[in-house]
Amino acid sequence: MTYSIGLDFGTASGRVLIMDTESGEIVATTVIEYKSGTIEQELHGNALPNSFALQDAFDYLDVLKQGIPQTLQEAGINPQDIVGLGVDFTSSTLVPVDENLNPLNGQEEYKHNPHAYTKLWKHHGANDEAMDIFNIATTNRQRWLGNYGFNVSSEWAIPKVLEIKNKAPETLEQIAYIMEAGDWVVSKLINENVRSNCARGFKTFWDEENGFYYDFYEKIDKELPAIISSRLEGRLVKIGETAGTLTKEMSELIGLPEGLPVAPAIVDAHSGILGVGARKKNQLTMIMGTSTCHIMLHEEQMKIPGISGSVKDSIIPGLYAYEAGQSAVGDLFGYAASQAPKEYVEEAERENISIFELLERKASEKEVGESGLIALDWHNGNRSILSDSNLSGVIVGQTLHTKTEDIYRAYMEATAFGTKLIMSSYQDWGMDVDEVFACGGLPQKSELLIQIYADILNKPIHVSASDYASGVGAAILGAVAGNTHESMDETISKMKQPFLRTVQPIPENVKKYEKLYDMYQTLHDQFGFKKLAFMMKDLKKLANKESILEEAF
Ligand SMILES: Nc1ncnc2c1ncn2[C@@H]1O[C@H](COP(=O)(O)OP(=O)(O)O)[C@@H](O)[C@H]1O
Ligand SMILES: O=C(CO)[C@H](O)[C@H](O)COP(=O)(O)O
């Protein structure tokens, strides 16, 4: 028997999976929480701006050093039977490193310097830079931003690099490479600076044909082209290929055989597509966790406003993958749960259930529309379709009778309405949505959530049996790197996870939600209007799709 390892690095933890490459069985898993978590309020006693979300890359190494031996032991298998290893990671999560690929924050003199730390995908410290880049693109928006939804997000790599240049130029001098965290893990494993086409295509203004858009960088900042070519270049490896093999040093550290094939890193959400086995056009996959990503596959590239991006060969060789997303989903539910009143906390304790479970049960007892609330889920900004990290959350209709569970349910509905808007954008551009898949940590945790999504999208939703779809995807790429089967397609067929259940829309709820969706759209357009109006002006000129845009917005 042969096995493959998937390393899935999420927002709060890293997960190690060992999978049987023939049966697709997940033989063992380990979850390692990041010791420093997300560093948001203060760094070693110094306050950080609200927009900051940093991590300590040494925590990722713990996932390798502790997680892999622990999982091997639990699986009770011979490490020599492991044939490959794959890595997926959140993105754009950037690690600044020195010449030896060591994170800069590990050096004593940089311990207190936020710009020496990993900037997590949801770090919004580059909001001003993103807006500047968006404005600078005016002269050639179709070419530079066309494959990026005609927009710029502070969650992407280039604004974050520019932020370091603007706010900490002396630190930038000491940074040898700025790496996507997934590329960094792979590079450490094989001891070579390699970069995957997946995150690069989605987060850096790059495509395979033209490479980095150096003419655009030049317009943004005269020094940027040199910064990018020295700090972001590296040997390019494509999804489906092998990045390299495990070094002796790493082999001794993590207990896997020297020379083990390692796959290039894939963005975590994208990896989920492989895990559920979505391979055809017209399949929409929602990867639902701290945030949600909505991925579509298609054989053509279209410049769709408000969609985060499209990249060829980034998940399935030969197809374009489109990504859209919502920046706060599980995070928003976590925030709502943290606001629960004392009597709810006590009730949950008495019943020995989590606050999530208590709120879900109470919210399930409510009828659609009963609370009179409508919310906008922009508590961590809006990724799609407005791409504005400065936007904030809204809840209307509160009265003295509003209960915590009403708000909790309104937030769930808001995320589903946001997903409907994203799905409509795909449909407006000619991508039918025949099937909807849900994976990630959330779908299994909340039945109510998936029912609300089925009702609001008016689509049956197939829920993955594994809450580790992204890790499964990484293990699939590990098996592909190890040449386990004839083709990538065959590897996916053997290792993808089955569906746990299909949730059907309830017709009565569908009707009620249609009315609420109209209200949601009004609210969405009112509060997102400023940025939208700005985009509309250019998009009308560029995209020549006036009627569709007018309807959609
Ligand atoms: N029962 C639950 N209902 C709703 N949300 C939950 C529940 N349990 C955890 N969450 C939220 O799910 C998110 C974690 O999702 P998960 O997919 O496990 O992790 P990641 O995003 O790191 O990959 C957290 O933001 C948390 O607040
Ligand atoms: O932007 C991303 C993908 O492009 C992030 O990786 C993602 O949104 C964070 O993932 P998760 O919610 O699973 O932690």
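Whatever order the structure lists ligands and atoms in, that order sets their numbers, starting from 1. The figures that follow rest on heavy atoms only: side chains count, while hydrogens, waters and symmetry mates do not.
- Applying the 4.0 Å criterion to heavy atoms of Thr290 picks out, from ligand 2, the atoms 12 (O), 14 (O).
- Between Arg15 and ligand 1, at least one pair of N/O atoms sits closer than 3.5 Å.
- For atom 3 (N) of ligand 1, the nearest non-hydrogen atom from the set Phe9, Tyr411, Tyr335, Phe356 comes from Phe356.
- The closest approach between a heavy atom of Gly325 and any atom of ligand 2 is not below 4.0 Å.
- Residue Cys293 has at least one heavy-atom neighbour below 4.0 Å for each of these atoms of ligand 2: 3 (C), 8 (O).
- None of Tyr411, Tyr520, Tyr453, Trp378 except one satisfies the ring pair (Phe, Tyr, Trp, His ring centres under 6.0 Å) rule with Phe417; the exception is Tyr520.
- Phe150 and Phe134 have their aromatic ring centers separated by at least 6.0 angstrom.
- Near Thr11, with a cut-off below 4.0 Å to any heavy atom, the atoms of ligand 1 are 22 (O).
- Under 4.0 angstrom from ligand 1, there are no non-hydrogen atoms of Tyr468.
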Test ring-ring contact (aromatic ring centres under 6.0 Å, His included) on His294 and Tyr426; report intermediate values, then the result.
CA-CA 10 Å; His294 314 73; Tyr426 282 130; 7.9 Å; no
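- Short contacts between ligand 2 and Arg383, defined as distances under 4.0 Å to a heavy atom of the residue, involve ligand atoms 1 (O), 2 (C), 8 (O).
- With no hydrogens or angles considered, a side-chain donor-acceptor pair links Asp207 and Tyr213 at under 3.5 Å.
- Counting the atoms of ligand 2 from 1 in the order shown, those under 4.0 Å from a heavy atom of Trp121 are 9 (C).
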